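Here the structure is a predicted model, which means the values were calculated and not measured. Atoms within each ligand, like the ligands themselves, are counted from 1 in listed order.
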Amino acid sequence: MAQYARGSAVAVIRLRNPPVNALSLAVLQALEDGLKKADADPSVKAVMICGENGKFSAGADIRGFSSPKRHGLGLGPIVSLIESCQKPVVAAIEGVALGGGLEVALGCHYRIAHVKARMGLPEVTIGLLPGAEGTQRLPRLIGVPAALDMITTGKHIPATEALKLGLVDEIVEENTIEAAIRLANKVIGQPLGPRRLSLKPVPKLPNMEAFLQEAAVKVKKQARGCLAPELCFQAVRAATETPFAQGVRRERELFQVLLSSGQARALQYAFFAERAVHRWATPTGASWSSAAPQPVRRAAVIGLGTMGRGIVTSLVKANIPVVALEQDLEYLNKGRKAVMLLLEREAVKMEGGAQSLDFHNPARLQFTVDFDLLHDVDLVIEAVFENMALKKEIFHKLSKICKPGALLCTNTSALNIDEIASATSRPQQVIGTHFFSPAHVMRLLEIIYGRHTSPTAIATAMQLAKALKKVGVVVGNCFGFVGNRMMFPYVEQAVFLLEEGSRPEAVDRVVEDFGFKIGPFRMSDLAGLDVGWRSRQGQGLTGPSLPAGTAARQRQGQRYSPLPDLLCEHGRFGQKTARGWYRYERAGGRTATPDPWLHSFLAQYRDTHGIKTRFIDQEEILERCLFSLINEGFAILAEGIASGPEHLDVIYVNGYGWPKHTGGPMFYASIVGLPRVLAKLQKYSEAHPDVPRLRPNAFLKKLVAAGNPPLKDWMSYVSRQSPKL
Ligand SMILES: CC/C=C\C/C=C/C(=O)SCCNC(=O)CCNC(=O)[C@H](O)C(C)(C)COP(=O)(O)OP(=O)(O)OC[C@H]1O[C@@H](n2cnc3c(N)ncnc32)[C@H](O)[C@@H]1OP(=O)(O)O
């Protein structure tokens, strides 16, 4: 609700709905009542609106958008009511003013913000637009380019930037509420017309049409199939072309389109899924309530290859002092140079620049080849090569050198955490932290607990993820964990499709049209084909340890494609060698061009193995790639490797470029309908009986047999006696 109080001449309306003062129907009703009371009371000369507990408001209650009872008060009319008030209304912005919260502030005649406050219109990120007249008021206040940027990206801006843009009138370092009351007293009696944004014209640009056309192209490109950014753009365009009231009508129409789109539902699911995975739990019952994180005052990173460099950068950005260790001076100097370059680039992007990162200070970032310097760090992240023997050797050393409570993390994408932990005398402090490349940019951190990992270790790793501004997802230990394990069947299908007649560019296009940032072949070229090759050699699937006489396209009675191995044997490792599934302009180049060499290589390969090619349509490409990945997801859930489908979705959206506007693989499956997913897998499995990963998983079948229950109920169908952990 909102609390109404009358001081001397200024009435105070305090939005109150913990934890973020979301604008529920009750809050809106109380806000309306407060405004009417203030208007009717002749002793009240001005009004101040603020939020409880140092937060203005995080906007409309997101849960309300999917509620069947979504009737009653609209936020737009209340914002209009604020603006039309005959007494000056001042917004005192502390903490956050987001979405509908900022729209309320835009209805006020004056805005004053605390220097640490953040503002934004993030509706686009949950598949909507600022539907309380925000698309019409904001361009009038800060101009079209800045408004378009805020509305189509949803970014939060700090108060200092808001002041520069003219979004707020004043920022204060001390008590915002007192400052707002002072301001309210000061402006009593001043004309309100010039302060009513709906009455202001949209500032003109000399080249408005050209600007808008260019912006439209940019927005469409960045949206990659997501509707909301484009509709946000259209709403702002309406502000430039029509009077306020007409613009508001257009905004409402577009809002309704978005509200009834499946994308808004998927994005809102993704919002809550991210928060749900933060409340981690293991099958043994460990959770935040049973474990407190240990403080990480100083950390170390071992290995300054691509991953290690990103991890060091991430730690420095989070203000955690780091010791960076390499095996010898040559690697150390190379790593140091690369880290410094990354940090300099990051500093340019930050307010305060290099000084705010302070990475030239050896107390904050120290490079060494001396393991003994790790004796007093609170946490170590090992980020060397994916080689079990090497990792075990390092962990053995760490267990001798590091202080007793230190957390020992391994950055691995697939290796067995228990085996690594077995090299130490403290397996309870060993945990997997799977970063994604580039580690200082990608938001996902897969946190893998082993058989002996303590709840404190999990809590500390989760807390670290938060400090690094990443989303930590706690999962169990199995080959490839969650992300890569689901990726194997997807990539496998993509390669099988090539054998059967498709081309890399055709498969990539279908997957990218679905909304993936990058298709499987461009992704392999980017990551380096040699990475998987080495891993398959290690597993004895290819290379010298393969027994003589092994059939080229079979391993252990199952279908196998040697195509990726053959490419590596030709020295085609992807971008780094300028040749892979595509060709590139130079080694390290990024522009993928379809390669006639590869096309004839594929034709020859099919001839050699007597494979009859056929035309494979887009539907089959998409279904075989995505449904095989989803099928593995059901296996993971049934085995208790992840505690819910939200975990898989958060991992895929944040680490694998899965389009967020479809919610993630498991949410997508729930929307497609589990009976359909099952039927398609059955069909493809019958056509390819030698591909076990196309065989529908038993848990998927169980859910279908149970009548296709909603996603939120899936886990209640997992047999409790079967977790592998
Ligand atoms: C007719 C037209 C009407 C309206 C147009 C307006 C539309 C809108 O306003 S849509 C909402 C726009 N606002 C947002 O998208 C902000 C979303 N929230 C956030 O970004 C963050 O929560 C935060 C920056 C406000 C706070 O971050 P943090 O401190 O990290 O906390 P949490 O994210 O964990 O959030 C705590 C808690 O609050 C719940 N929550 C946050 N915002 C909302 C919200 N707008 N509605 C409902 N619930 C919200 C969040 O889910 C957490 O709770 P749980 O842990 O129980 O999930």
Side-chain angles (χ1 to χ4, degrees), residues 15 17-28 31 51-67 70-80 93-107 116-138 150-151 153-158 228 231-232 235 248-260 264-265 267-281 287-288 443 462-463 465-472 644 646 650 660 712:
L15 308 172
N17 185 12
V20 293
N21 300 325
L23 302 169
S24 61
L25 287 181
V27 173
L28 292 184
L31 175 56
E52 180 91 340
N53 277 336
K55 290 180 186 119
F56 190 75
S57 166
D61 184 345
I62 300 172
R63 289 188 203 276
F65 291 121
S66 51
S67 154
R70 212 187 147 267
H71 299 299
L73 287 177
L75 182 54
I78 293 190
V79 175
S80 290
I93 302 174
E94 297 173 294
V96 286
L98 299 172
L102 184 57
E103 290 176 291
V104 164
L106 289 171
K116 290 205 172 128
R118 284 183 295 137
M119 281 149 264
L121 292 174
E123 287 87 340
V124 67
T125 62
I126 51 164
L128 298 173
L129 55 75
E133 307 177 0
T135 64
Q136 306 303 301
R137 280 199 179 83
L138 192 64
M150 280 183 73
I151 293 171
T153 64
K155 71 181 184 190
H156 300 183
I157 60 167
L231 269 59
C232 280
V248 166
R249 278 199 293 279
R250 181 75 182 131
E251 181 193 270
R252 283 192 191 142
E253 279 166 23
L254 294 167
F255 185 84
Q256 286 308 322
V257 172
L258 287 174
L259 189 63
S260 54
R265 210 176 128 203
L267 285 161
Q268 286 159 30
Y269 159 83
F271 174 86
F272 289 113
E274 209 173 281
R275 272 119 196 119
V277 301
H278 187 67
R279 296 184 286 269
W280 61 275
S287 69
W288 283 124
R443 284 190 78 219
M462 279 298 277
Q463 190 68 17
K466 193 163 182 179
L468 300 183
K469 295 202 167 67
K470 295 194 185 295
V471 15
E646 296 87 353
V650 170
K660 199 172 184 177
K712 67 177 175 46

> Quick one: does NZ or CZ of R265 land under 6.0 Å from the six-membered ring centre of Y269, within 45 degrees of the ring axis?
Replying inline: no
[X], any N or O under 3.5 Å of ligand 1 N or O:
| X | answer |
| --- | --- |
| A58 | yes |
| G99 | no |
| F255 | no |
| F271 | no |

With respect to [atom], which of [options] exhibits the smallest heavy-atom separation?
| atom | options | result |
| --- | --- | --- |
| atom 44 (C) of ligand 1 | T135, L98, N17, I62 | I62 |
| atom 2 (C) of ligand 1 | A22, A273, G131 | G131 |
| atom 34 (O) of ligand 1 | R279, R275, K466 | R275 |

How does [X] reach ligand 1, if at all, at less than 4.0 Å between non-hydrogen atoms: by side chain, backbone, both, or neither?
| X | value |
| --- | --- |
| I126 | side chain |
| K55 | neither |
| P19 | side chain |
| H278 | neither |
| V20 | side chain |

> Taking only heavy atoms of D61, which atoms of ligand 1 are found under 4.0 Å from at least one of them?
Replying inline: 46 (N), 47 (C)
> What residue among I78, V104, D61, L15 forms side chain to side chain contact (heavy atoms under 4.5 Å, CB included) with L28?
Replying inline: I78
